[in-house]
Amino acid sequence: MVTSFSAFVHDLEFNDLPEDLLALLRRSFLDTMGVAAIGAGTELSDIARRSAMALFGAGTVGGTRLLMDGRTCSPAGAAMAGAFTVDSIDAHDGSTPNKGHAGSAAFPAVLAVADAMCQRGQSVTGRDLALWLALAYEVSYRAGQAQHATCADYHTSGAWTAVGVAASVARMLGCDEEQIRHAAGIAEYHGPRSQMMRCIDFPTMVRDGVGWGAPSGVTAAYLAREGFTGAPALTCESEDAAPFWSDLGTRWLTLEHTHYKLYPCCRWAHSSLDGVQKLMRGNDLHHTDIANVEIKTFHYATRLAGYEPKTLDEFSYSIAFPVACMIVRGTIGSNELTPKTLTDPDILRISHATTLIDDPELTRRSVSKRWAQVALTLKNGQRIQGVPMTPRGDVDLPVSDAEISAKFHLLADEGLGLERANELERLCAEFDTLDSAGFALLLDLCLSGTSIPQS
């Protein structure tokens, strides 16, 4: 049995990965690249990529290409820009118990360092990538659990993904156990302890912190390899954190906690979106039938109170407007991620007619789940109330592979073109079997530029 996180990171091998974990990583790969493809067209991503080019030269560690862009900078710069790109569209996988996301940091960071390794002539295969991703996810989730249990503030995903990325990249760089310890400690110390509720209350481009969590982890690993010290990481090695690491190597939190999103907005809105979609379809309603909407939900979610978002960032961190969008459009997809949607008078009417209710019982229940209950009042005075719901996409309410595929194409086809999107989907489905040549092709598909226009 593994007794320390550093031994786990140092000693884990591809053959130790269970098949269901590999299946999850294949699904997350496809899902994340779809989000990255459409995210490359956002203003946030454009700013991040231009800043990476201005600030992060390739240096002597080898150039790496920017995710969905193709231009070259350093691994830290590519990790930063890539994480911001994925995080610019709030549709990537996540962990409800962690109240955050690992893949939005893990994929950009690991791909960036892997590309740098390839550019320097090292052989990298799909088996390597699967191992590194598994380490990044699992260490991130466990560090996140420890952090939420031991810190009063609700910190963004960037705080704990920095630790997972650092551990994974340290393994990529061939660090020994002690260097892995220091990499995690450096990343935890210097990573972004950003306050998530500030972004909920004032939505801007800072998002979920992974834009700095990913490069913090990458930088920490390179520092540790050169002898920089920073151990211990308290989320990995403190006495308070110990319960969250006691079954490391025998249990995979990644399998138990990872959820998938059907809608490109904060997960806290998804139970309301599922609920209102069910009421509209089940009662054959049109948006012109609706007088007002009532949403009972947990406390944190009631702070997603943007009724008239002016930007995609504000759209992502609201409930009333996405619910109104679902009522009017019947879906929330790529067509809804446009400035024109934000001024739709039918959506705005219903958004302003929506009331969010802080429900103590749903707050109590919203620990490993996110609960909401929706009621509609029609113009004829009839009230239709749904049952309390949790969102689809959790482990116990899974979405199908066909739904993940459909979501990927909905988000990716415009920017990648159908031929490239199909080839990327094919390789994601078997990435852990690819030899070095196949892996190089996969990197090309992920890191080349897109044709999607900037929103």
Paired with L434, the side chain to side chain contact (heavy atoms under 4.5 Å, CB included) test is passed by just one of L427, L129, L441, namely L427
Got a second to check how far [X]'s [atom1] is from [Y]'s [atom2], nearest 0.5 Å?
X    : Y    : atom1 : atom2 : value
D128 : F439 : CG    : CZ    : 8.0 Å
T390 : R370 : OG1   : CZ    : 11.0 Å
Y141 : W160 : OH    : CH2   : 6.5 Å
Q277 : L273 : CD    : CG    : 8.5 Å
S51  : D46  : OG    : CG    : 9.0 Å
R27  : L22  : CZ    : CG    : 14.5 Å

Please tell me whether [X] and [Y] have a donor and an acceptor in their side chains that are separated by less than 3.5 angstrom.
X    : Y    : answer
D313 : T204 : no
T254 : E138 : yes
T258 : D93  : no
T42  : S45  : no
T363 : H299 : no

Does [X] use its side chain to pair, donor to acceptor, with the backbone of [Y] at less than 3.5 Å?
X    : Y    : value
E425 : S405 : no
S216 : G191 : no
R207 : D87  : yes
K261 : D90  : yes
R26  : D432 : no
Q382 : L378 : no
R420 : L445 : yes
S168 : W132 : yes
D69  : R71  : yes
D274 : R392 : yes

For the pair F29 and F107, name the ring-plane relationship: parallel under 30°, tilted 30 to 60°, perpendicular over 60°.
tilted
Kindly assign one of parallel, tilted or perpendicular to the pair H92 and H101, based on the angle between their ring planes and the thresholds 30° and 60°.
perpendicular
Is the shortest heavy-atom distance from the side chain of [X] to the side chain of [Y] under 4.5 Å?
X    : Y    : result
T311 : M205 : no
Y137 : S28  : yes
R329 : T341 : yes
Y154 : Q195 : no
P108 : V86  : yes
L111 : M33  : yes
P75  : Y222 : yes
C199 : D208 : no

Taking the six-membered ring for Trp and the full ring for Phe, Tyr or His, determine whether the centres of W268 and F298 are under 6.0 Å apart.
yes
What's the shortest heavy-atom distance between [X] and [Y], and which atoms?
X    : Y    : value
A102 : S140 : CB-CB, 4.2 Å
V210 : P215 : O-CD, 4.0 Å
A166 : A220 : CB-CB, 4.1 Å
R193 : C151 : NH1-SG, 3.6 Å
I290 : R349 : O-NH1, 3.0 Å
I295 : T354 : CD1-CG2, 3.9 Å

I'd like to know whether L376 forms a side-chain contact (heavy atoms from CB on, under 4.5 Å) with I327, so could you lay out the CA-CA distance, the side-chain angles of the two residues, the decisive distance to 0.1 Å, and finally the verdict.
CA-CA 10 Å; L376 302 176; I327 290 172; 4.3 Å; yes
Residues, nucleotides or ligands: over 12 heavy atoms within 6.0 Å of [X] [atom1]:
X    : atom1 : value
K379 : NZ    : yes
E19  : CD    : yes
Y307 : OH    : yes

Dump the intermediate steps for salt bridge (charged side-chain N to carboxylate O under 4.0 Å, His left out) on D394 and R267, then the final yes or no.
CA-CA 11 Å; D394 283 339; R267 182 70 168 175; 3.0 Å; yes
Stepwise side-chain contact (heavy atoms from CB on, under 4.5 Å) check, E403 with Y260
CA-CA 10 Å; E403 288 174 297; Y260 295 92; over 6 Å; no
Output, in order, the C-alpha distance, side-chain angles, deciding distance and verdict of side-chain contact (heavy atoms from CB on, under 4.5 Å) for F244 and T235.
CA-CA 9 Å; F244 301 100; T235 54; over 6 Å; no
Show the numbers, then the answer: is there a salt bridge (charged side-chain N to carboxylate O under 4.0 Å, His left out) between R65 and D115?
CA-CA 7 Å; R65 290 166 290 176; D115 193 44; 2.8 Å; yes
Given R426 and E430, is the salt bridge (charged side-chain N to carboxylate O under 4.0 Å, His left out) satisfied, shown in steps?
CA-CA 7 Å; R426 182 184 71 82; E430 58 184 27; 3.1 Å; yes
Working for side-chain contact (heavy atoms from CB on, under 4.5 Å), residues N98 and S157:
CA-CA 8 Å; N98 275 34; S157 304; over 6 Å; no
Of all pairs that satisfy salt bridge (charged side-chain N to carboxylate O under 4.0 Å, His left out), the ones with a partner from residues 276-303, not counting sequence neighbours
D201-R303, E294-R383
